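Worksheet for the structure shown next.
Worth saying up front: this structure is predicted, and the values here are computed from it rather than measured. Per chain, numbering begins at 1; letters A, B, ... match sequence-line order.
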Amino acid sequence: MKLIQAGPRTAKVMLVGEAPTVVEEATGTPFSGGAGQMLSHMLSRAGISMSECFRTNVVHVRAPEGKFEKFYTKAHQLDLAKGLFRLKQDINEIQPNLVIGLGSGPLYLLTGRKGIDKYRGSILPCILRKGQKVICTYSHGFALKVYEAKAVIEMDFAKCAGDMQYPELNYPKREFFLNPPLDVRAAVVYEMLQAEKLSVDIECGQDSNGRWTLTCVGFSDRADRALVIPWGDEMCRFHIRQLCENDIPKICQNGMFDFSFLREMGINIRNFWWDTMFAHHALMAECASGEDEMTKLAGKKKLSVLRKGLGFLTSIYTREPFYKDEGKVSAEGVKDWNEFYGYNAKDAAVTYEIHEVEDKEFNDFGSRPAFEIEMGVAEPLMAASKRGILIDMDLRAELVKEYDEQIDRFQQALDLGAGRPINVKSNPDMLALLYDKLKLPMKLNRKTKNPTADKDAINELAGKYDHPLLKVILRIREYRDFKERYLNAVVGGDNRMRCSFDVTGTKSGRLSSRASLDGSGTNLHTIPVRKKAGARLRQMFIADPGKVLVVRDYKQAETWVVAYLARCRALIELLNDPTRDIHKETAVRIYNEALELITFEKRYLAKRTGHGSNYGLTGVRLSAMIEEDYETTGVRASVREAQMLIDKYFMIYPEIKENFWYQVERDIKHSRTLTTPLGRRRAFYGDMRDQRAQETLLRDAYSFIPQSTVGDLCNIAVRKVYHDIELGRPEWGAEFLLSVHDSIMMQCNIGCELEVAAAMEESMKYPLTIHGETFTIPSDCQIGFNWNKQSKNKETGEIVNPKGLVDSEHWNGASLLQV
DNA sequence: GCAACGAGCGCC
DNA sequence: AAAGGGCGCTCGTTGC
């Protein structure tokens, strides 16, 4: 067996990979291929020189079928045994300060632990040599496939760079008071009440009736100690209350959950000051799609490598080894209370420690303003989640009936036309119908290249072939979708629809919304408004008795940001002159025609073009978007025409590409980081090795600054309307209900709506400065008793939805009250 | 029988 | 020639 090893046998660090690759075998040098180059690069970024490390693999022959796990089978275990024997010898001879294991194979064979996701980044004892220190991370080959893994590996290497300086395997020392006797507890509580800040962490469990209840609360006033108090007798609760109901700044991981829960239990915890998950998100936005304890509970999100749960934060911000399995409670309940309290204590202490590290990281990375915006929305969002929005249950029942009838009617027509029952949401059914039976030309999904029956494809076919079934399919889909997603959503027992907000849910800093943790309610960010058949769904959302809704939206917000980023004088002028119609004027420029000659159609096309062009929309997509609304607008545009519109758009506003896009490209290539005018920074980890990947990443990047700026702007305003209007002017009875990216909805006492509308305008005004120019994005306001617009039937002149929203300038409260 | 995934689609 | 971005929810299919 030829040994594939390199490096000095006096090395302080030993790198252990899984098994040699083709290149390594050919060259006889470990880590010599493309992945090896990346490894060397990642190490050097952490200040570790690969040539100074002793480099080897666990096994010295290629993995069967490229799968390392095959070495665990009988057929190949001799190769593994030989390799392990050699590895043990090497470690005992070299006695490095630190062994770095790369991948799940080395993790298991060096430490006996399973689960690289859990144990990567942990400082662990080696099972091959007593007292030997090991840190494992993902295999460097993984970083080639999953690009974000590179960021994680580099963070793990940063930890290695510290621990490679000495051989001792030591852990952070922490003193825990786990449900101590009353006198000890009282003394610690007294001390903790003098603290500058306190971290708080709760544990909950289900009682015999399945109700969630508090088990214990952990507090920490220093990273090296914690106190756990069970939710036990009166005295316990008194102490918990004392530690919570004070003005000491509180630190928490995912505090919106813990704080709401404590308040449900009658503990009015105050001064939510630092959420370690929010801070992490402000430092590392890519974690937005990662798991945390709550989303894991909901079981919805996909796992990513960059995460935001306490386990991940512990692994990158502290030297505490993985411990999250210690808190697992079996079906029979807690077996060892001391272990369980210990887990709670560790959570509290680690949370405290993480906040200290994050605080320092902000000084380097500079995204503290984004963190402060995120903290600002916590209280208002908790209030809105708890409150929910009242639902008109009569209308809801009426809509269910109406939609059922529509679905029935159209479904019968479809089944008859197709000659057999067709499920419009079954892809095989649809593909068979469209492309086998009807023999229509096959449309392919642009990304996957698979045959598609989505609405763009069907609309396009309908435009060309006018087959009666095509529109029927879309109708059924629409009505079914509306019913399934919005009418089947569970309304609370008090007839209120709720959602839970996720402050760390997006990479841009926008909020995300989803059903409440108990499964009731739904995502309130996607209630239909644009779709004609869906308009009445918003009508179900109504003001409480005696109250009226006030909805204020930023106007053209992202366009404002793009205009200033691009330093586009023409757009800036148009936006700043409220007497001018930006879409009409854009049409004037596109068609080179006088303002008076601009028809509805031309204005409409200019509007749709402008909307998507800023971020790289193509003719294919624009054409499809316009086609989709053909029935209501009577306007269509071929792919060619749509592309012409986009090209024209960039000709009349060339600065969008020349300044804005170009600047983004430069920043990405230079630092892989973008910073918004509101101080949010995001690193872009994506693959840039080939043209396609690079362009994908750039498109993502173009949208980041405008989207993030507007999201943060709105979140700043959410905080203000809550504090200045809801809390600050109790006489108005104003309540914050919902925000949707660039819009804020409140309700207030009837008669106060114009004052609230004006106050909201003030709260939403926020000067932004881009390239030295300062501007304020304007907002407009609508008032009404339900969330759908009031409108007029063009033919009959009859008012549709008389209690609906009207522009605040046209609001006449007195007359509307007669309705 | 359950979980994961893809397709499709709502909003900004 | 061609690939807007950001989210969450539902259904149907598929794979274990």
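Ranking B:dG10, C:dT13, C:dC9 by closeness to the A:Thr526 side chain, first place goes to B:dG10. With B:dG10, B:dA7, C:dC7 as the choices, the nucleotide that has an atom nearest any side-chain atom of A:Ala288 turns out to be C:dC7. Considering only the side chain of A:Glu484, C:dT10 comes nearest among B:dG8, B:dA7, C:dT10. Nearest to the side chain of A:Arg477, among B:dC9, B:dA7, B:dG10, sits B:dC9. For A:Asp454, whose side chain is taken as the heavy atoms from C-beta onward, the closest listed nucleotide among B:dC9, C:dG12, B:dC12 is B:dC9. Residue A:Glu478 has its side chain nearest to B:dG10 when only B:dC12, B:dG8, B:dG10 are considered. Nearest nucleotide to the A:Val740 side chain, out of C:dG8, B:dC12, C:dG6: B:dC12.
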Full working for side-chain contact (heavy atoms from CB on, under 4.5 Å) between A:Thr504 and A:Asn254: CA-CA 10 Å; A:Thr504 65; A:Asn254 197 9; over 6 Å; no
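At C:dG8, one or more side-chain N or O atoms of A:Ser512 fall inside 4.0 Å of OP1 or OP2 (strictly under the cut-off). A sub-4.0 Å separation between OP1 or OP2 of C:dG5 and a side-chain N or O of A:Lys507 is absent. For the pair A:Thr696 and C:dA3, the criterion of a side-chain N or O lying under 4.0 Å from OP1 or OP2 is not met. OP1 and OP2 of C:dC11 both lie 4.0 Å or more from every side-chain N or O belonging to A:Ser426. OP1 and OP2 of C:dC11 both lie 4.0 Å or more from every side-chain N or O belonging to A:Asn423. Between A:Arg699 and the phosphate of C:dG5, there is a side-chain N or O to OP1/OP2 separation shorter than 4.0 Å.
Between A:Asp454 and A:Lys443 there is no salt bridge, since no side-chain N of the basic residue sits under 4.0 Å from a carboxylate O of the acidic one. Contact check on A:Asp629 versus A:Lys531 returns no salt bridge, with no Lys/Arg side-chain nitrogen under 4.0 Å from an Asp/Glu carboxylate oxygen. Electrostatic pairing of A:Arg536 and A:Glu398 counts as a salt bridge here, judged by a charged N lying under 4.0 Å from a carboxylate O.
The cationic atom of A:Arg636 (NZ for Lys, CZ for Arg) lies less than 6.0 Å from the six-membered ring centre of A:Tyr630 and within 45° of the ring axis. At least one test fails for A:Lys483 against the ring of A:Tyr403: distance under 6.0 Å to the centre or angle within 45° of the axis.
For B:dC9, the base has a donor-acceptor partner in the side chain of A:Arg485 [N/O atoms by modelled type, under 3.5 angstrom]. For A:Gln707 against C:dG5, a side-chain N or O and a base N or O form a donor-acceptor pair under 3.5 Å. The base of B:dC12 is paired with the side chain of A:Arg510 by a donor and an acceptor separated by under 3.5 Å. Counting atom types as modelled, A:Arg621 pairs no side-chain N or O with a base atom of C:dG4 as donor and acceptor under 3.5 Å.
For the C1' atom pair drawn from C:dA2 and B:dC9, the interatomic distance equals 23 Å after rounding to whole Å.
Judged by distance alone, the side chain of A:Ser516 and the main-chain N or O of A:Asp518 form no donor-acceptor pair under 3.5 Å.
Nucleic acid contact class of A:Tyr702 (heavy atoms, under 4.0 Å, all strands): none. Within 4.0 Å of A:Ala453, counting heavy atoms only, lie sugar-phosphate atoms of the nucleic acid but no base atom.
Per the geometry, CG belonging to A:Asp456 stands 15 Å off P belonging to B:dA7, to the nearest Å. The distance from atom CG of A:Asn427 to atom P of C:dT14 is 10 Å, rounded to the nearest whole Å.
In this structure, A:Phe775 has its ring center under 6.0 Å from that of A:Tyr564.
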Produce the list of close N/O pairs, under 3.5 Å, pairing protein atoms with atoms of nucleotides 1-3 of chain B; give distances to one decimal.
none

